[in-house]
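Here the structure is laid out as structure tokens; the discussion comes afterwards.
Worth knowing before you read on, the calculation uses all heavy atoms, side chains too, and leaves out hydrogens, waters and symmetry mates.
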Amino acid sequence: MIFILPPLPYAMDALEPIMSEETLEYHYGKHLQTYVDNLNRLLEGTPHAEVSLEEIILSSTGPVFNNAAQVWNHTFFFNSLTPEQKPMPEVLEEALIKDFGSVKAFEEQFKKAAAGIFGSGWAWLAQDRNGKLHIIQESNAGNPMRAGFKPLLTIDVWEHAYYIDYRNRRAEFIDGCWKLFDWDKVAHRMGENTLTAVLGDLAEDRKTETKKAMDKYVCITCGWVYDPEEGDPEGGIAPGTAFEDIPEDWTCPACGVGKEFFEKV
Ligand code: MN
């Protein structure tokens, strides 16, 4: 799967003066584009190349996770903004009142969480499996779906998000974003009851797959054992490759027979 730069749902200058065209040229046009390009480069030829962005986020670590999550988080953030903010839908208002006491209290806590992240990261409004809303701080590329939460809203507090327009004044940038948040979208995401379940299932699938990837296979003609933790680097198979994911033309490094001569240990 080749990931592409997702289109913005508004013009590059539509969020002026709160978020300048220059900021979007860099933040969307360069930073996000770089995460997309890095991700595609890292995934080329790996088992991860065939799965969804969410599955990658749930199952990867290191540079693959960082770039995949940054693609997801930025797409979600840019899609959470609108040049024509409408009043908050009642269903969202009620949920915020229920879990934070008032919309004002939510606003204060959310802004405080965003302003208080040390270094780069993201503040989130997210929903747990019981529907309860939470404010979550994540560092770097963090995303609360890894912990089973359904993301509803996020704000990027990496310096690259605000330095052109606000220099070091992160709190002013957060106040600005508050005026751009698309509450209809947030309410809509809250209504999509399936996502948490889907993410939960995906997490289960990945666990199963990880287990499958740990299976060793033995060559029935010579007894050589394929250990997925070690792979077969000389045969072009990277450590961590499940036997199932080895190309069909691979052969036993000890005796040269094909994959069909292997049995699960
Ligand atoms: Mn960013």
Measuring only between side-chain heavy atoms, which start at C-beta, is Val186 closer than 4.5 Å to Phe181? no
Hey, any chance Ile18 and Tyr26 share a hydrophobic cluster, counting ILVMFWY side chains that come within less than 4.5 Å of each other, even indirectly? no
Evaluate the ring planes of Trp250 and Phe243, with Trp represented by its six-membered ring, and classify them as parallel (under 30°), tilted (30 to 60°) or perpendicular (over 60°). perpendicular
Is it the case that the side chains of Trp122 and Gln70 hold a donor-acceptor pair, with the cut-off being a distance below 3.5 Å and no angle test? yes
With sequence neighbours excluded, residues passing side-chain hydrogen bond (donor to acceptor under 3.5 Å, both in side chains) with Asp165: Ser20, Thr23
Do Glu138 and Asn73 have side chains that get closer than 4.5 Å, going by heavy atoms? no
Could you tell me which non-hydrogen atom of Ala141 sits nearest to which non-hydrogen atom of Ala69, and how far apart they are? O-CB, 3.2 Å
Pro63 versus Asn38: any side-chain heavy-atom pair under 4.5 Å? no
Flag the pair Lys111 and Glu107 as a salt bridge only when some basic side-chain nitrogen lies within less than 4.0 angstrom of an acidic carboxylate oxygen. yes
Heavy atoms only: give me the nearest Ser60-Arg146 pair and the separation to one decimal. O-NH1, 2.8 Å
Could you grab the distance from atom CG of Leu39 to atom CD1 of Ile2, nearest 0.5 Å is fine? 9.0 Å
What's the spacing between Ser80 OG and Asp156 CG if we round to 0.5 Å? 11.0 Å
Let me confirm one number: the CG-CG distance from Leu180 to Leu15, rounded to the nearest 0.5 Å. 5.5 Å
Just by modelled atom types, is the Pro6 backbone N or O under 3.5 Å from a matching donor or acceptor in the Tyr28 side chain? yes
If you round to the nearest 0.5 Å, how far is CG of Leu125 from CG of Leu92? 7.5 Å
Using salt bridge (Lys or Arg N to Asp or Glu O under 4.0 Å) as the criterion, list what pairs up with Asp184, not counting sequence neighbours. Lys86
Does one side chain, of Ser120 or His160, offer a donor that lies under 3.5 Å from an acceptor on the other? no
So how far is it from Leu8 CG to Asn79 CG, rounded to the nearest 0.5 Å? 8.0 Å
Within-4.5 Å side-chain heavy-atom neighbours: His134 and Pro144: no
Taking side chain as C-beta onward, heavy atoms only, is Glu93 less than 4.5 Å from Pro87? no
Check against side chain to side chain contact (heavy atoms under 4.5 Å, CB included), Ile57 and Phe65: CA-CA 6 Å; Ile57 291 169; Phe65 168 76; 3.8 Å; yes
Look at the side chain of Asp99 and the backbone N and O of Lys132, then say whether any donor-acceptor pair between them is shorter than 3.5 Å. no
Above 12 or not: heavy atoms from other molecules or residues under 6.0 Å from CD of Glu260? yes
Out of curiosity, does Leu152 fall in the hydrophobic cluster containing Leu53 (side-chain heavy atoms, cut-off under 4.5 Å, transitive links)? yes
Same cluster (ILVMFWY, side-chain, under 4.5 Å), Phe106 and Val91: yes
Side chain to side chain contact (heavy atoms under 4.5 Å, CB included) for Trp124 and Ile155? Distances and angles first, verdict last. CA-CA 7 Å; Trp124 299 84; Ile155 181 167; over 6 Å; no
Tell me if a side-chain donor or acceptor on Thr154 pairs with a main-chain N or O of Ala123 at a distance below 3.5 Å. yes
Same cluster for Ile220 and Tyr226 if Ile/Leu/Val/Met/Phe/Trp/Tyr side chains link at under 4.5 Å? no
Test side chain to side chain contact (heavy atoms under 4.5 Å, CB included) on Thr82 and Lys185; report intermediate values, then the result. CA-CA 10 Å; Thr82 173; Lys185 285 230 179 89; over 6 Å; no
Ring centres under 6.0 angstrom apart (Trp158, Phe173): no
Can you name the salt bridge (Lys or Arg N to Asp or Glu O under 4.0 Å) partners of Asp37, sequence neighbours left out? none
Can Trp72 and Asn143 be counted as having a side-chain donor-acceptor contact under 3.5 angstrom? no
Could you pull out the closest heavy-atom pair between Ala113 and Gln137, with the gap in Å? O-NE2, 2.8 Å
Can you confirm whether Arg169 is buried at CZ, in the sense that more than 12 heavy atoms of other residues, nucleotides or ligands lie under 6.0 Å from that atom? yes
How about Tyr10: does its OH atom have over 12 heavy atoms from other parts shown lying under 6.0 Å from it? yes
Reported NZ-to-CG distance for the pair Lys98 and Leu133, which is rounded to 0.5 angstrom: 8.0 Å
I'd like to know if the side chain of Lys150 reaches the main chain of Arg189, judged simply by a donor and an acceptor atom lying under 3.5 Å from each other, with no hydrogens or angles considered. yes
Please report the shortest heavy-atom distance between Phe149 and Ala126, naming the atom on each side. CB-CB, 3.8 Å
Within the 4.5 Å heavy-atom criterion, are Ile136 and Pro151 side-chain neighbours or not? no
Met12 versus Glu25: any side-chain heavy-atom pair under 4.5 Å? yes
Which pair of heavy atoms, one from Asp245 and one from Thr241, lies closest together, and at what distance? CB-CG2, 4.0 Å
Shortest non-hydrogen separation from Pro228 to Ala242 and the atoms involved: CB-CA, 4.4 Å
In the structure I gave you, are the side-chain heavy atoms of Tyr162 and Cys177 within less than 4.5 Å of one another anywhere? no
Does Met145 share a hydrophobic cluster with Val64, counting links as ILVMFWY side-chain heavy atoms below 4.5 Å and allowing steps through other members? yes
Charged tip of Lys259 within 45° of Phe262 ring normal and under 6.0 Å: no
Could you check whether any side-chain N or O of Gln85 sits under 3.5 Å from a backbone N or O of Trp178, counting only pairs where one atom can act as donor and the other as acceptor? yes
